[in-house]
Amino acid sequence: MDYTQITGEQQQSMLKTIGVKSVEELLAPIPDKQRLKDKLNLPVGCSEMELLADLESLAAKNCHVGKRVCFLGCGAYDHFIPTLVDHLAMRGEFLTAYTPYQAEASQGTLQAFYEFQTMICQITGMDIANASLYDGATAVAEAVLMAGTCSKNHRVLVSQACNPDTLETLKTYAKEQSLEIDTVPLADGQTDCDALKAAVDNQTLAVVVQFPNFFGILEQLQQIVDTAHNAGAQVIVSYDPVAAGMFTRPGEFGADIVVGEGQPLGIPLQYGAPFLGFMAAKESYLRKIPGRLVGVAKDKDDSRGFCLVLQTREQHIKRERATSNVCTNQGLMAMRAAVYMASMGRSGLAKVAELCFDKSHYAAAEIAKLEGFSVRFKQPFFKEFVVQTNRNIPDLLACCREEGIDAGVPMHRWFTDMEDCFAIAVTEKRTKQEIDALVTVLRKS
Amino acid sequence: MDYTQITGEQQQSMLKTIGVKSVEELLAPIPDKQRLKDKLNLPVGCSEMELLADLESLAAKNCHVGKRVCFLGCGAYDHFIPTLVDHLAMRGEFLTAYTPYQAEASQGTLQAFYEFQTMICQITGMDIANASLYDGATAVAEAVLMAGTCSKNHRVLVSQACNPDTLETLKTYAKEQSLEIDTVPLADGQTDCDALKAAVDNQTLAVVVQFPNFFGILEQLQQIVDTAHNAGAQVIVSYDPVAAGMFTRPGEFGADIVVGEGQPLGIPLQYGAPFLGFMAAKESYLRKIPGRLVGVAKDKDDSRGFCLVLQTREQHIKRERATSNVCTNQGLMAMRAAVYMASMGRSGLAKVAELCFDKSHYAAAEIAKLEGFSVRFKQPFFKEFVVQTNRNIPDLLACCREEGIDAGVPMHRWFTDMEDCFAIAVTEKRTKQEIDALVTVLRKS
Amino acid sequence: MAIDPSINESQELPLIFELSSPGNCAVSLPDSDVPETDRASCVPSDLLSGGGNNQLPEVGELDVVRHYTRLAHRVFSIDEHIYPLGSCTMKYNPRINERAAAMPGFMNVHPHQNIADVQGILELMYRTQRMLAEISGLADVTLQPAAGAHGEMTGLMMINAYHRDRGCKREVVLAPDSAHGTNPASCTICSMKSTKIRSRADGRVDLDDLRSKVDENTAALMITNPNTCGVFDDQIADIADIIHAAGALLYYDGANMNATMGIIRPGDVGVDVMHFNTHKTFSTPHGGGGPGAGPVGVCDKLRPYLPRPHVVRNDAGDFDLNYNIPKSIGKVRSFYGQVGIIVRAYAYLRALGRDGLRRASEQAVLNANYIAAKIKEHYPLPIPGPYAHEFITVPDFERMGITERDFAKRLIDHGIHPPTMSWPIMHCLMVEPTETESLRALDRFCQVMIKMTDEAQSNPDLLRNAPHNTVVGRLDDVAANRKPNVRWMANSPA
Amino acid sequence: MAIDPSINESQELPLIFELSSPGNCAVSLPDSDVPETDRASCVPSDLLSGGGNNQLPEVGELDVVRHYTRLAHRVFSIDEHIYPLGSCTMKYNPRINERAAAMPGFMNVHPHQNIADVQGILELMYRTQRMLAEISGLADVTLQPAAGAHGEMTGLMMINAYHRDRGCKREVVLAPDSAHGTNPASCTICSMKSTKIRSRADGRVDLDDLRSKVDENTAALMITNPNTCGVFDDQIADIADIIHAAGALLYYDGANMNATMGIIRPGDVGVDVMHFNTHKTFSTPHGGGGPGAGPVGVCDKLRPYLPRPHVVRNDAGDFDLNYNIPKSIGKVRSFYGQVGIIVRAYAYLRALGRDGLRRASEQAVLNANYIAAKIKEHYPLPIPGPYAHEFITVPDFERMGITERDFAKRLIDHGIHPPTMSWPIMHCLMVEPTETESLRALDRFCQVMIKMTDEAQSNPDLLRNAPHNTVVGRLDDVAANRKPNVRWMANSPA
Ligand SMILES: Cc1ncc(COP(=O)(O)O)c(C=O)c1O
Ligand SMILES: Cc1ncc(COP(=O)(O)O)c(C=O)c1O
């Protein structure tokens, strides 16, 4: 199989048109001694049926959330994905379209991305948003780089309750940019606002917090924003978009840049990617924002259309002076998120958020009743919380898996002082029955 | 959930426009005493998530061919369905289109059906074909009815090796039409041409045979056609379209009407339906054929288009004098078959047929070597054959199922003299490994 | 702007045959892993000599994808357009239903699998039978028929069997003149004679005419209620009495069930047998002309004649296929019914449930009456409302200087599928918006309808030459029927 | 024919926001089955006070389906159109790949699942790493980068780490003037300075200029080969020597890998690090602008700096994520790479296998040279062939009285996506047909191209006012950029 559709006979007539005897002649510019002498050491190709069998056997070696009840979170969530999302966003036309540089041939994707940008503004409470970035972690890094273009400062304060993957990614980027990354300590699982006040100074470029934070806890956004702004620092919030169903949005608290992982908006888990980075910001960032931006344009009859705007920010025009190197980003994931948000709408997202809230609180309350288990932090949380236990966590989780439950994510990989803790995420998909089953297994463990 | 999208507020304003106070007023023409007093005694409605859970639990109670190797045939076959078929034929536009009465708004389906008709002609070797019938069994019944319009005769000779379901369906239809259905006996699993010669007379309306027949055996089409035609009877062949990949087509032998079950052409098993009836015939049947027909039409610029033709045959015009009562038929299944045939093409269908042939013959040969097993008939077969055994068949099949194999279909339900026989179908999907596993289980049984 | 059509494939699409190059194939198949069996030694030569003669087109994978994608872009569908098609109930086809039907546990199950291995499907079928029985108020339901017309035939066969069983041969089936064409056509299949009953001006059955035609030769009356004029016939119980008094049976064409779910049950008002159209009432897709499904509900009297096999629940609570129905009319098709479609209908019934079905009907009725109210100043409504889920208008096309065909084709330009035309009344439009359209879509439909009366006045040629926005202009179907070209042939251009 | 746009939605589509009615929702969600937790008692009031302020549109299910179906019908895609986009390799995206990616065992796996529960995915990733290593002739491959540019950044970070590890700080990255914009932009992210190397008239690197610019401050040279002019630079081994002699590393931009699979391996000719674009070479879809994947291959020298975690096979034959890479540059993203995309690339690699990859490259080269040969009389080819998988023509647009933009927009009318324009040479067209087009499609492209030279002569306004066949006319992007409207706001019409 090679997905070509030119027959041997046709090849011959093409060669004749070109005026050569063989394809080999066309390859002449590649010097013989540089060539690969043998065939590639790869398996031979195969038919569709054989390929399916191979893929199915690999797929069968993975457990998936349909087989085992998923209470895992920490950056990826088993939210419900309405059937519409797959059906509409994965259509062949969207799937196989190119980047919409040729506007008139791309109105469908352009309009969808314009609507996506608007919906991201609507759920973050911000003025503008781009058409996507790689993922939540790189979006934070890009946000810091963007903040950097508005300030001479080099110091970035990051809440210790940011997702450690995000922090590590940020550090990877920051190292090349000689940015100084300092962390802000926590008080009972929440960014310590006093510590922040002490740490922030006029050398501070930006303060980065996550909402809800890595432990599921709702941060005191107003205090954080005020503290940062008082010192002249920009505020970057890494945001779970589902929270917009229930809580005041970061923009309403005055955040400067809101980024986040859009996976909860109808994107399957896919073992961690492709997910969706999004970035929203105040109007003033319009010419500094990385990635693509779609804007309204008119044709000569004044009909409404859409095209990419401010391309002069981008690498293919500005090259080394571009606002970012991002080229291909996550278009189709933005499409999925757009279909998801359009399908859920204001009231649907509210219901999702409320179900997450009530179910996670029910789970926390029930688990807290168990001997040897407690909820680690007392601060308000949304859909995820940390459990502390006197049991051996690897054994405990293995025992839950045997009962058909992926009970949570151990914290010790990232936090050595949390050897006895694991995080439980409860989405709207989890039923009372499933939560009760979890509680029962934990009790027995 | 009710899939409406008019809000309560909007309902109120609509009622106002109409000039009534409530929907109840609109229902006034339905007398109170005729009304249902209580609510329907049905489960309450449910959300998408709950519905999915319900459906998944029902689906999980069925074994499917992905879980157990399928050697079942007898009218439905586990052929390979290329990914393209689902992807293209099940597109929302085709799925939710109406019958193409409005030609200019239906060129996509009309062209596809025109191509389908042509492809059915190509694989049957006939002049014309319609755009589908309900299934293979009703297609045979319709063929007999159509043949009846060309003759004053009432006697139909049906080979005993026709699918018994087809025969029973035909009898159901025939009873209302006072047609006389006689069966033609078999010789070694094949229609007995001498018996046919003896039975056919100038009262005979039509001779119906199946190719390959219910036991997988290739009928002697030339002799059958000649015998029937000599007596002035029409010949109806119920045809497995996959056979066109390897064998001379019925049209080349002079068959008058070729019908069949199109399920092997990319249609999933679906526990027996929806499948696809097709009907092809000689040119002379053009104005008698049941069901829809698409033809070429031109617009005023002489551009090629398509529209339904000869609608005067159909019930919505001709009412009681229509060629059939068929209205809604199997459009989307015809679309699937069209995509399948377009994807496979001449060479692909040939390869499918050859794989079926070789694999079924390999299986037959290996099984014949087992003690206590033999191939029941010696006549040439295509992809299906009957095995005779000294084992208890229900036990044998149960034992195979335990080993992950659906080994075959017992014959005794239809043929009381075949208590010791079951039929095995081997499609191109079956691997040597699977066949060898079947042989091993049979040996052990 | 004129584009040279020879290079603009967006105008006239090539046929798939015109894309063929010998040797191409869009599917890669595995090589054989078993020894080859010598063909010549086991197959008669006359069967082999024509092997490979099938002339299927040979097209590569990308070209197949492009061909069908382009075709998909050339067809109206509910997914894009409103279809106010009276009597066809073109409602939204929920995507969850498609997901359900595609579950391997439903889609990839062989009809000859062991009964213990198909309990989930049988349970789903059984539940659907019971839900439909409840909705119809009838005793039992068969899921075998493949479509509405097939259901009619099945119902009539049971009626025949019933009368035969009582030793009488009744040959006449009465039906109002507004009946759907399948009703008389189904009678013909069953060798029954269909006789028309007059309708009154308001579309209701003329009881006098009915009484005068009912006799001991009457096998049944077929009635559609609400009728195809969108009027609920409140005489239904009287009609049932008249029919039953003559020893005949009442057949109910369920095509218009969308108006009355949960409000009135046919079985409660004397109906003996009816068919459902899942592809109308229960949201299963039309698929460009099927597959649908036409389950048939029957009263107790007709139960003995149900087609076989019938899905049953046995005493142990297991589900089974019952072949033991001695008086059964037999099989009306292969296997057991349009299972893939029944799965979709089941999903719909479960989603809506007890209250949703009624809500849907109420909304359907509201929507139809709303449109009628909004356009009534421009479109004469011969029958006064309130209407059920559809209504009829008979515009004075002649005075407008156009034909209903012109009107229909112009609607297409506006992205609206034309309503049902000239049935049951000549030159009428039968409008059925269904409950799933948004208010915006209903308003836009009204706006276009009203605008078209202006267009007809100010620029009738706009209508006469319509459609203008489609991939082909108005097609000459007279010429197309004169010498029909129903298949492509190499070297004879289509 | 003029249609009143106000009633013809096929012209200007409403925005999803314009379809909103408060209270609608396209998804039905279950009611809560747990007790409600009092919000006020556990959440600070300032967080609750704005709850529900998000203004997402409220649209019913059918309207959502229609909206996105209509949008889908307003975009070019490989599924319908040829995309001869140089350097972008818009080849067919096989549907089997989509089926693979949608398997629950790949699609619904959580990234924090226990390692024993994800062995299939890790095995697939490991196999892909090994296959890419074999194709590139490099020692190892990381699958983490999300796209080509991200791969460049990852590669440059490893180069930085490598030099740092050796105690030197090299800041300059050399790249030919024909390099893609992401190359210098990625340097900026890594605080490296990009310096242009001159290309010769035939697009090959000017070795003298290279020699003159290489010094102890040179971190690396980034090269694309075949270059963006479609020319294979046979000096690659010499270039590697020059770079290595200066202690720098050779970075290979794999965007044009489609020309050389199985023919030449970058690692064999001195390349130290490279990225692949799975969405170009390995048939994963473009998705309207991603997601793609940009795996990076490295030679042994750079292995210690690979991002973490890295997929490995341990001695027991199990697959694992190795976090223990002391010199790793760290994480460049969340989790482990674009798994859903890697599944598709894997499916492609397995389908083509040992021979298929080379066949694909050969066909890609043949197709490009075929088009060049067919249009060369009408389109000047500044660089003589044979070409790799793409070539450049620089039509004399000025003499034709049109701009390249006019030309591009007119091609759209013909259903052809314009080739890459004005890069790497001003006013050029870069044509890359890929191997998956049919001869018919190639011929049609040539025919249209040739016809357009006539059109430009006979009727240049046809081009200047193009496109004519699209849902909107040519858009005024100057105005759009003057005061960009990048989000819709209620009450301020977009
Ligand atoms: C009133 C009525 N009866 C019967 C039918 C026939 O149903 P089917 O097309 O499913 O065979 C229809 C379909 O249009 C109808 O409208
Ligand atoms: C030569 C070259 N390098 C790099 C890139 C960037 O790749 P990506 O868009 O995947 O980030 C491209 C993409 O167009 C390219 O053509």
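Throughout, protein chains are lettered first and strands after them, A, B, ... in sequence-line order, and every chain is numbered starting at 1.
- Interatomic distance, CG of B:Leu218 versus CG of C:Asp46, reported as 10.0 Å (0.5 Å rounding).
- B:Thr118 contributes a side-chain N or O that, together with a main-chain N or O of C:Trp488, makes up a donor-acceptor pair within less than 3.5 Å.
- Heavy atoms only, all atoms of each residue included: B:Lys351 and C:Pro30 are closest at CE-O, 3.3 Å.
- Contact tally against chain C (heavy-atom pairs below 4.5 Å) for B:Asn329, B:Ile123, B:Leu15, B:Thr138: the top residue is B:Asn329.
- Most heavy-atom pairs under 4.5 Å with chain B: of the set C:Leu357, C:Val65, C:Val59, this distinction falls to C:Val65.
- When each of C:Ala373, C:Ala26, C:Pro184 is checked for heavy-atom pairs under 4.5 Å with chain B, C:Pro184 comes out on top.
- In plain terms, the two heavy atoms of B:Ala297 and C:Asp476 that are nearest each other are CB-O, 4.2 Å.
- Of the atoms belonging to B:Thr166, not a single heavy atom falls under 4.5 Å from chain C.
- In terms of heavy-atom pairs under 4.5 angstrom with chain C, the leader among B:Phe275, B:Tyr271, B:Phe247 is B:Tyr271.
- C:Asn485 and B:Tyr114 make their closest contact through OD1-OH, 2.7 Å (heavy atoms, listed as atom of the first residue, atom of the second, distance).
- Across C:Arg358 and B:Leu27, no two heavy atoms sit closer than the pair NH2-CD1, 4.0 Å.
- With B:Gln34 contributing its side chain and C:Asp234 its backbone, the two residues share a donor-acceptor pair below 3.5 Å.
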Run the side chain to side chain donor-acceptor pair (under 3.5 Å) test on C:Asn53 and B:Glu252 for me, step by step, so that the C-alpha distance in whole Å, both residues' side-chain angles and the decisive distance to 0.1 Å come before the verdict. CA-CA 10 Å; C:Asn53 273 3; B:Glu252 299 179 78; 2.6 Å; yes

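- Side chain to side chain, C:Asn93 and B:Thr96 fail the donor-acceptor criterion of an N or O pair below 3.5 Å.
- At least one donor-acceptor pair closer than 3.5 Å links the side chain of C:Gln113 to the backbone N or O of B:Cys63.
- Interface remark: of the candidates C:Asp355, C:Asp117, C:Thr182, C:Thr188, C:Asp117 forms the most heavy-atom pairs closer than 4.5 Å to chain B.
- Proximity to chain B is absent for every atom of C:Cys187, based on heavy atoms less than 4.5 angstrom apart.
- By the 4.5 Å heavy-atom criterion applied to side chains, C:Arg99 and B:Leu55 are not counted as neighbours.
- Taking B:Glu320 as the reference, nothing meets the salt bridge (charged side-chain N to carboxylate O under 4.0 Å, His left out) condition, with sequence neighbours excluded.
- Ranked by heavy-atom pairs under 4.5 Å with chain B, the first of C:Leu124, C:Val34, C:Asn481, C:Asn54 is C:Asn54.
- For the pair B:Gln102 (side chain) and C:Lys409 (backbone), a donor-acceptor distance under 3.5 Å is absent.
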Before you tell me yes or no, could you show the steps for B:Glu354 and C:Arg39 under side-chain contact (heavy atoms from CB on, under 4.5 Å), namely the whole-Å CA-CA distance, both residues' side-chain angles and the distance that decides it to 0.1 Å? CA-CA 10 Å; B:Glu354 280 165 9; C:Arg39 281 109 177 89; 3.4 Å; yes

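- When the candidates B:Lys318, B:Met246, B:Glu261 are compared by the number of heavy-atom contacts under 4.5 Å with chain C, B:Met246 comes out ahead.
- Both the backbone and the side chain of B:Ala76 come within contact range of chain C, judged by heavy atoms closer than 4.5 Å.
- In this structure, chain C has a heavy atom under 4.5 Å from the side chain of B:Leu349, while its backbone stays farther away.
- Under the 3.5 Å distance criterion, the side-chain polar atoms of B:Asn325 are matched with a main-chain donor or acceptor of C:Ala149.
- Judged by distance alone, with hydrogens and angles left aside, the side-chain atoms of B:Arg346 form no donor-acceptor pair with the main-chain N or O of C:Gly23 at under 3.5 Å.
- Chain B forms the most heavy-atom pairs under 4.5 Å with one residue out of C:Pro467, C:Ala388, C:Ser334, and that residue is C:Ser334.
- Between the side chain of C:Asn108 and the main chain of B:His64, no donor-acceptor pair closer than 3.5 Å is present.
- Looking at B:Pro82, the atoms closer than 4.5 Å to chain C (heavy atoms on both sides) all sit in the side chain, from C-beta outward.
- For the residue pair C:Leu439 and B:Ile6, the shortest heavy atom distance occurs at N-CG1, 3.8 Å.
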Would C:Thr37 and B:Tyr362 satisfy side-chain contact (heavy atoms from CB on, under 4.5 Å), going step by step from the backbone distance to the final call? CA-CA 8 Å; C:Thr37 297; B:Tyr362 172 73; 5.7 Å; no

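- Side-chain N or O atoms of B:Asn62 include one that pairs as donor or acceptor with a backbone N or O of C:Gly120 at under 3.5 Å.
- Heavy atoms of B:Glu56 lying under 4.5 Å from chain C belong to its backbone as well as its side chain.
- Here the shortest heavy-atom pairing between B:Arg292 and C:Gly289 reads NH1-CA, 3.7 Å.
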For the pair C:Met153 and B:Tyr173, evaluate side-chain contact (heavy atoms from CB on, under 4.5 Å) and give the outcome as yes or no after the intermediate values. CA-CA 9 Å; C:Met153 183 200 83; B:Tyr173 277 69; 3.5 Å; yes

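- C:Arg265 contributes atom CZ, which lies 7.0 Å from atom CG of B:Leu40 (distance to the nearest 0.5 angstrom).
- For B:Leu84, the part lying near chain C is the side chain, with the backbone staying farther off; criterion is any non-hydrogen pair under 4.5 Å.
- In summary, the side chains of C:Gln363 and B:Asp2 do not present any donor paired with an acceptor at a separation below 3.5 Å, with no hydrogens or angles considered.
- With B:Gln315 contributing its side chain and C:Ala185 its backbone, the two residues share no donor-acceptor pair below 3.5 Å.
- When each of C:Pro35, C:Pro44, C:Ser283, C:Gly330 is scored by its heavy-atom pairs under 4.5 Å with chain B, the top score falls to C:Pro35.
- Only the side chain of B:Asp54 comes within contact range of chain C, with at least one heavy atom under 4.5 Å from a heavy atom of that chain.
- A donor-acceptor pair under 3.5 Å is absent between the side-chain atoms of B:Glu104 and the main chain of C:Thr470, judged by distance alone.
- A distance of 5.5 Å separates CD in B:Gln111 from CG in C:Leu13, rounded to the nearest 0.5 Å.
- Atom CG in C:Asn369 sits 12.0 Å away from atom OG1 in B:Thr17 (nearest 0.5 Å).
- Annotation: the span from C:Arg354 atom CZ to B:Leu42 atom CG amounts to 7.5 Å, rounded to 0.5 Å.
- The closest side-chain heavy-atom distance from B:Met344 to C:Val64 is not below 4.5 Å.
- Looking at B:Cys70, the atoms closer than 4.5 Å to chain C (heavy atoms on both sides) all sit in the side chain, from C-beta outward.
- Aromatic ring orientation, C:His286 versus B:Tyr98: tilted (interplanar angle from 30° to 60°).
- Contacts of B:Ala105 with chain C are made by both backbone and side-chain atoms, with heavy-atom separations under 4.5 Å.
- If you tally non-hydrogen atom pairs under 4.5 Å between each of B:Thr109, B:Thr99, B:Thr172 and chain C, the highest count goes to B:Thr172.
- A side chain to side chain contact (heavy atoms under 4.5 Å, CB included) with C:Val486 holds for exactly one of B:Leu310, B:Val296, B:Asp127, B:Leu286; it is B:Leu286.
- With respect to chain C, the highest number of heavy-atom pairs below 4.5 Å among B:Arg35, B:Lys300, B:Met335, B:Glu428 belongs to B:Arg35.
- Options B:Cys307, B:Gly136, B:Pro380 differ in how many heavy-atom pairs under 4.5 Å they form with chain C, and the most are formed by B:Pro380.
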